Amino acid sequence: QVQLVESGGGLVQPGGSLRLSCVASDDTLNKNCMGWFRQPPGKEREFVASIAWDGGSAAYASSVENRFQISRDNANTVSLQMNNLRPDDTAVYYCTADYYEDYMTSRPGYWGQGTQVTVSS
């Protein structure tokens with residue numbers, strides 16, 4: 001079964017930047033949308049961003065728009081550049097994928113294991 005593997009999480013000060021990456025383990029998802037969800041401490045998972053399989057369109061949660069940028073590096077890799085990070089961005093970030101773009105904001109079918117991002121001084 002295809003796996004999504006995230007990297008790039010860590011500890012950063014407020015106002016700093018981090019870049020998350022996610023690689024799919026095989027070509028099964030190369031026609032799928034890919035994206036990111038996050039789960040802040042004590043809260044439910046929430047949509048962050050998604051991008052079409054060809055990188056042609058992207059969507060963002062209002063809380064991250066103009067600070068985060070999603071990109072499709074190749075058919076199997078998606079990245080999330082996070083700038084001007086705030087303490088409320090602290091969360092476990094999950095890579096996601098689904099064939100249907102409409103599912104990406106609510107119920108993507110594929111999930112990674114998650115990577116921790118902590119924004120603190």
Side-chain angles (χ1 to χ4, degrees):
Q1 185 174 357
V2 63
Q3 293 183 331
L4 300 176
V5 181
E6 304 99 336
S7 62
L11 173 64
V12 63
Q13 292 186 344
S17 298
L18 277 178
R19 185 177 180 88
L20 305 182
S21 294
C22 171
V23 180
S25 58
D26 62 37
D27 291 338
T28 303
L29 302 178
N30 64 0
K31 294 294 188 182
N32 278 233
C33 301
M34 296 184 76
W36 298 88
F37 266 62
R38 68 185 182 186
Q39 186 167 20
K43 297 183 179 181
E44 295 185 352
R45 290 183 183 181
E46 61 186 22
F47 169 76
V48 176
S50 64
I51 190 166
W53 71 272
D54 61 355
S57 62
Y60 296 90
S62 57
S63 59
V64 307
E65 200 158 16
N66 299 319
R67 298 188 299 122
F68 291 11
Q69 183 169 9
I70 191 169
S71 60
R72 195 76 180 249
D73 305 321
N74 57 50
N76 294 340
T77 304
V78 64
S79 296
L80 185 69
Q81 177 66 39
M82 305 185 294
N83 299 323
N84 193 20
L85 283 160
R86 309 184 306 216
D88 61 0
D89 293 316
T90 295
V92 178
Y93 283 72
Y94 296 91
C95 180
T96 61
D98 202 281
Y99 184 80
Y100 296 103
E101 188 172 356
D102 288 348
Y103 288 2
M104 289 299 296
T105 60
S106 58
R107 48 172 173 154
Y110 296 91
W111 293 78
Q113 292 297 308
T115 185
Q116 177 70 45
V117 172
T118 302
V119 184
S120 175
S121 56

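Not measured: the values here are computed from a predicted model.
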Original post:
Which residue, Y94, W111, Y103, forms the ring pair (Phe, Tyr, Trp, His ring centres under 6.0 Å) with F37?
Top reply: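 Only one option passes, and that is W111.
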Subject >> R72/W53 under side-chain contact (heavy atoms from CB on, under 4.5 Å): CA gap, chis, key distance, verdict >> reply: CA-CA 8 Å; R72 195 76 180 249; W53 71 272; 4.1 Å; yes
With sequence neighbours left out, which residue pairs that include part of [range] fulfil the disulfide bond (SG atoms under 2.5 Å apart) condition?
range: residues 26-67; answer: none
range: residues 92-121; answer: C22-C95
range: residues 59-88; answer: none

Original post:
Residues in ring pair (Phe, Tyr, Trp, His ring centres under 6.0 Å) with Y99, at least two apart?
Top reply: none
**OP:** Dump the intermediate steps for side-chain contact (heavy atoms from CB on, under 4.5 Å) on S120 and L11, then the final yes or no.
**Re:** CA-CA 7 Å; S120 175; L11 173 64; 4.2 Å; yes
Please, which pairs that meet salt bridge (charged side-chain N to carboxylate O under 4.0 Å, His left out) have at least one residue in [range], sequence neighbours excluded?
range: residues 98-113; value: none
range: residues 48-71; value: R67-D89
range: residues 10-34; value: R19-D73

Original post:
Per the side chain to side chain contact (heavy atoms under 4.5 Å, CB included) rule, which among V78, V48, V64 passes with I70?
Top reply: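 Among the candidates, only V78 passes.
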Subject >> Residues, nucleotides or ligands: over 12 heavy atoms within 6.0 Å of F47 CZ >> reply: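 For F47, atom CZ is crowded (more than 12 foreign heavy atoms under 6.0 Å).
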Original post:
Got more than 12 heavy atoms from elsewhere within 6.0 Å of CD, Q69?
Top reply: no
Original post:
Do any N or O atoms from the side chain of S25 and from the backbone of Q3 form a donor-acceptor pair under 3.5 angstrom?
Top reply: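 Present.
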Subject >> From R45 atom CZ to S106 atom OG, the distance as rounded to the nearest 0.5 Å >> reply: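 Going from CZ on R45 over to OG on S106, the span is 13.5 Å.
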Subject >> E46: salt bridge (charged side-chain N to carboxylate O under 4.0 Å, His left out) partners, not counting sequence neighbours >> reply: R38
**OP:** Please list, chain by chain and in numerical order, all residues satisfying salt bridge (charged side-chain N to carboxylate O under 4.0 Å, His left out) with D88, sequence neighbours excluded.
**Re:**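 Only R86 meet the salt bridge (charged side-chain N to carboxylate O under 4.0 Å, His left out) criterion with D88.
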Original post:
Does the pair F68 and L85 meet the rule for a side-chain contact (heavy atoms from CB on, under 4.5 Å), with working shown?
Top reply: CA-CA 9 Å; F68 291 11; L85 283 160; 3.8 Å; yes
**OP:** Verify side-chain contact (heavy atoms from CB on, under 4.5 Å) between L29 and N76, making sure each step is shown before the conclusion.
**Re:** CA-CA 7 Å; L29 302 178; N76 294 340; 5.7 Å; no
Please name all residues satisfying side chain to side chain contact (heavy atoms under 4.5 Å, CB included) with [X], sequence neighbours left out, ordered by chain then number.
X: V117; value: L18, L20, M82, Y93, V119
X: S62; value: none
X: Q113; value: E6

